[in-house]
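If you're wondering where the values come from, they're calculated on a predicted model, not measured in any experiment.
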Amino acid sequence: MQSESQIPIAAAKKRRFAVGLALFYSAVFAVAGTHLPFFPVWLKAIGIDAAWIGLINALPAITRFTTLPQVTAFAEKRQAIRTAMMVSVLATAIGFTAVGLQQQPLALLLIYALTCVMWTPTTPLTDAYALRGVARYGLDYGPLRLWGSAAFATGSLACGYLVDSIAPRDLIWVIVAWAVVAVLASLLLQPLDDVRRKTTETHAGKALLRDAGFWAIIASAALIQGSHVAYYTFSAINWQLHGISGLTIAGLWTLGVIAEIVVFALSPRFSLHPSTMMAIGGLSAVVRWIVTANEPPLALLAIVQLGHGLSFGMTIVGTMNLLVQRVPPHQIARGQGYYAACNGLLGATTSIASGAIYALIGDGLYYVMAAMAAAGAIVVWSARHQLQAHPHSEASGG
């Protein structure tokens, strides 16, 4: 039992951890908020054609299933998750600066690939750091993660305003600026106590990969989240072709993120099992993509964008809750690496294919995305009984 003098110290540590993580999430997702909707616009502005755009935008997903698992496993083995986060954002800032100085497709592809090797581990490492804090301090993941979503919305909206005010060729420097902010925010991250491994490194990863329930979680999440690829890659370009301004595009993205923030904020009150949350997220994505494929008027499109709170927000809350139940703390970074790798494998394939599919059928691409989301909902719903009887882990409460 803690003495009265120890309680304020523990509370102060918990608060410092939460504040530092919130600021870092904010900076990292501000980078994503400018990158996801407007990096393809920048590529188009400097003369890159649709096929190259699809290929270049596949690179983050490719690195997620090639180099990312090695980075997260190495950081976990060395008990250096926080240090790896700091190095990752520094390399990202340098890499995007180098990308901004290029205009040739092949050179862009190569430099952006190197940047992604260091950039893509940032979010899985941050989630692993966050989930360790959830287990260490008894925090809720959703309220911590919502600050990232809020910053994503702010970055997207600010960049949308700028896209109507500055040359699209200069958008890359907005991304660079946010990456520098992330470097500064990383200096406020608090160290966490080491989580001592109770199994050998050789068997830790194999045990996870033999767990059918773990595979069901990450496969379902990959399918549902992968169904958002067409939206991330081509929505801004497609909406511009329909005469929607850059600020309105940013507003549409912001509506979705606001809904996502609400879901994260309310998530501690949810009584649904996490597998049910994921199934709801998948079915919501099905409805969202079918409506989007039919070129809805702006008012309906705005309503559909609010579905992002379910298709993305509900899915990720369910996924993280299942992972913190299913994966012991000493393997959480490794588990996040496998989760990101599965997302990356499917995301890369989808991104490459989406360029060709979009060139052929345009908005019909969203029907393909709806089918992916439906498959994800089916996978997690089929495994719900196994996931409800999850292995007893330290992270689930002891």
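Closest heavy-atom contact between N321 and P274: CB-CG, 3.7 Å. Counting all heavy atoms, side chain and backbone alike, V317 lies closest to S267 at CG1-CB, 3.8 Å. The shortest heavy-atom contact between V28 and A182 is N-CB, 4.4 Å. Listed here is the closest heavy atom pair of V89 and V183: O-CG2, 3.4 Å. When all heavy atoms are compared, the tightest approach of A22 to S26 is O-OG, 2.7 Å. Considering every non-hydrogen atom in both F264 and S149, the closest pair reads CE1-OG, 3.1 Å.
Here side-chain hydrogen bond (donor to acceptor under 3.5 Å, both in side chains) pairs that include residues 274-283, with residues two or more places apart or in two chains, are H273-S275.
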Point to revise | Full working for side-chain contact (heavy atoms from CB on, under 4.5 Å) between L108 and L43 | key: CA-CA 9 Å; L108 268 171; L43 290 172; 4.0 Å; yes
Practice item. Using the side chain to side chain donor-acceptor pair (under 3.5 Å) rule, take S245 and T248 through it: C-alpha gap first, then chi angles, then the decisive distance, then the call. Key: CA-CA 5 Å; S245 70; T248 302; 2.9 Å; yes
Check your understanding: Given I81 and R132, is the side-chain contact (heavy atoms from CB on, under 4.5 Å) satisfied, shown in steps?
Key -> CA-CA 10 Å; I81 293 177; R132 281 193 174 183; 3.7 Å; yes
Review point. Can you check side-chain contact (heavy atoms from CB on, under 4.5 Å) on V87 and M118, steps first, answer last?
Key: CA-CA 8 Å; V87 171; M118 296 306 299; 4.0 Å; yes
Point to revise | Verdict with reasoning, Y338 to F214, per side-chain contact (heavy atoms from CB on, under 4.5 Å) | key: CA-CA 10 Å; Y338 292 146; F214 176 73; 3.9 Å; yes
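A donor-acceptor pair under 3.5 Å is formed between the side chain of S382 and the backbone N or O of I378. Between the side chain of Q190 and the backbone N or O of L188 there is at least one donor-acceptor pair closer than 3.5 Å. Listed for the T72 side chain is a donor-acceptor partner under 3.5 Å among the backbone atoms of P69. Within the 3.5 Å criterion, the main-chain N or O of T92 finds no donor-acceptor partner in the side chain of T115. One N or O on the side chain of D49 and one on the backbone of W52 form a donor-acceptor pair closer than 3.5 Å. Between the N294 side chain and the P296 main chain, no donor and acceptor come within less than 3.5 Å of each other. When atom types are taken as modelled, the side chain of S220 and the backbone of A216 share no donor-acceptor pair closer than 3.5 angstrom. At distances below 3.5 Å, at least one donor-acceptor pair connects side-chain atoms of R384 with backbone N or O atoms of W381.
One distance of note links CE of M369 with OG of S354; it measures 6.5 Å at 0.5 Å rounding. For the atom pair D211 CG and R326 CZ, the distance stands at 4.0 Å (nearest 0.5 Å). Of the inter-residue distances, the one linking I172 atom CD1 with W42 atom CH2 reads 4.5 Å to the nearest 0.5 angstrom. Rounding to the nearest 0.5 angstrom, the gap separating the CE atom in M278 from the CG atom in L272 is 13.5 Å. The line from SG of C116 to CD1 of I111 is 12.0 Å long, rounded to the nearest 0.5 Å. For the atom pair CD1 (I175) and CZ (F38), the distance works out to 10.0 Å, reported to the nearest 0.5 Å.
Both V181 and V31 sit in one connected hydrophobic cluster of ILVMFWY residues. Membership requires side-chain heavy atoms under 4.5 Å apart, directly or through other members. At a threshold of 4.5 Å between side-chain heavy atoms, the hydrophobic network of Ile, Leu, Val, Met, Phe, Trp and Tyr places V229 and V257 in two separate groups. L125 and Y339 fall within the same hydrophobic cluster, defined by Ile, Leu, Val, Met, Phe, Trp and Tyr side-chain heavy atoms under 4.5 Å apart, directly or through other members. Note on I218: it clusters hydrophobically with M277, by side-chain heavy-atom contacts below 4.5 Å among ILVMFWY residues. In the hydrophobic cluster analysis, where Ile, Leu, Val, Met, Phe, Trp and Tyr join through side-chain heavy atoms closer than 4.5 angstrom, Y358 is grouped together with I244.
Between the side chains of S88 and W119, no donor N or O sits under 3.5 Å from an acceptor N or O. Using modelled atom types, one finds a donor on one side chain and an acceptor on the other under 3.5 Å when comparing D127 with Y25. T126 and T123 share no donor-acceptor pair across their side chains, judged by distance under 3.5 Å alone.
Applying the 6.0 Å contact sphere to CD of Q104 captures no more than 12 heavy atoms from other residues, nucleotides or ligands. Within a 6.0 Å radius of CH2 in W147, no more than 12 heavy atoms belonging to other residues, nucleotides or ligands are found.
Using a 4.5 Å heavy-atom cutoff, the side chains of L59 and T63 are not in contact. No side-chain heavy atom of M85 sits less than 4.5 Å from a side-chain heavy atom of T122. The closest side-chain heavy-atom distance from P191 to R82 is below 4.5 Å. By the 4.5 Å heavy-atom criterion applied to side chains, Q102 and L110 are not counted as neighbours. M320 is listed as a side-chain neighbour of L131, based on a closest heavy-atom distance under 4.5 Å. Within the 4.5 Å cutoff, side-chain heavy atoms of S186 are placed close to those of F24. When side chains are defined from C-beta on, W289 does not count as touching L365, because their heavy atoms never get closer than 4.5 Å. Considering only heavy atoms from C-beta on, F270 comes within 4.5 Å of V263 through its side chain.
With F29 as the aromatic partner, R145 meets the cation-pi criteria of under 6.0 angstrom to the ring centre and within 45 degrees of the ring axis.
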Expected list for residues 302-312: side-chain donor-acceptor pairs under 3.5 angstrom, two or more places apart:
{"unit_1": "Q305", "atom_1": "OE1", "unit_2": "R288", "atom_2": "NH2", "d": "3.1"}
{"unit_1": "Q305", "atom_1": "NE2", "unit_2": "Y231", "atom_2": "OH", "d": "2.8"}
{"unit_1": "Q305", "atom_1": "NE2", "unit_2": "L252", "atom_2": "O", "d": "3.0"}
{"unit_1": "H308", "atom_1": "ND1", "unit_2": "R288", "atom_2": "NH1", "d": "2.8"}
{"unit_1": "H308", "atom_1": "NE2", "unit_2": "E260", "atom_2": "OE1", "d": "3.2"}
{"unit_1": "S311", "atom_1": "OG", "unit_2": "H228", "atom_2": "NE2", "d": "3.0"}
{"unit_1": "S311", "atom_1": "OG", "unit_2": "R288", "atom_2": "NH1", "d": "3.0"}
{"unit_1": "S311", "atom_1": "OG", "unit_2": "G307", "atom_2": "O", "d": "3.4"}

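Y112 and F96 have tilted rings, their planes meeting at an angle from 30° to 60° on a 0 to 90° scale.
Taking the centre of each ring, Y129 and F17 come in below the 6.0 Å mark.
Hydrophobic side-chain contacts under 4.5 Å tie I290 into a cluster, directly or through other members, with V286, Y367.
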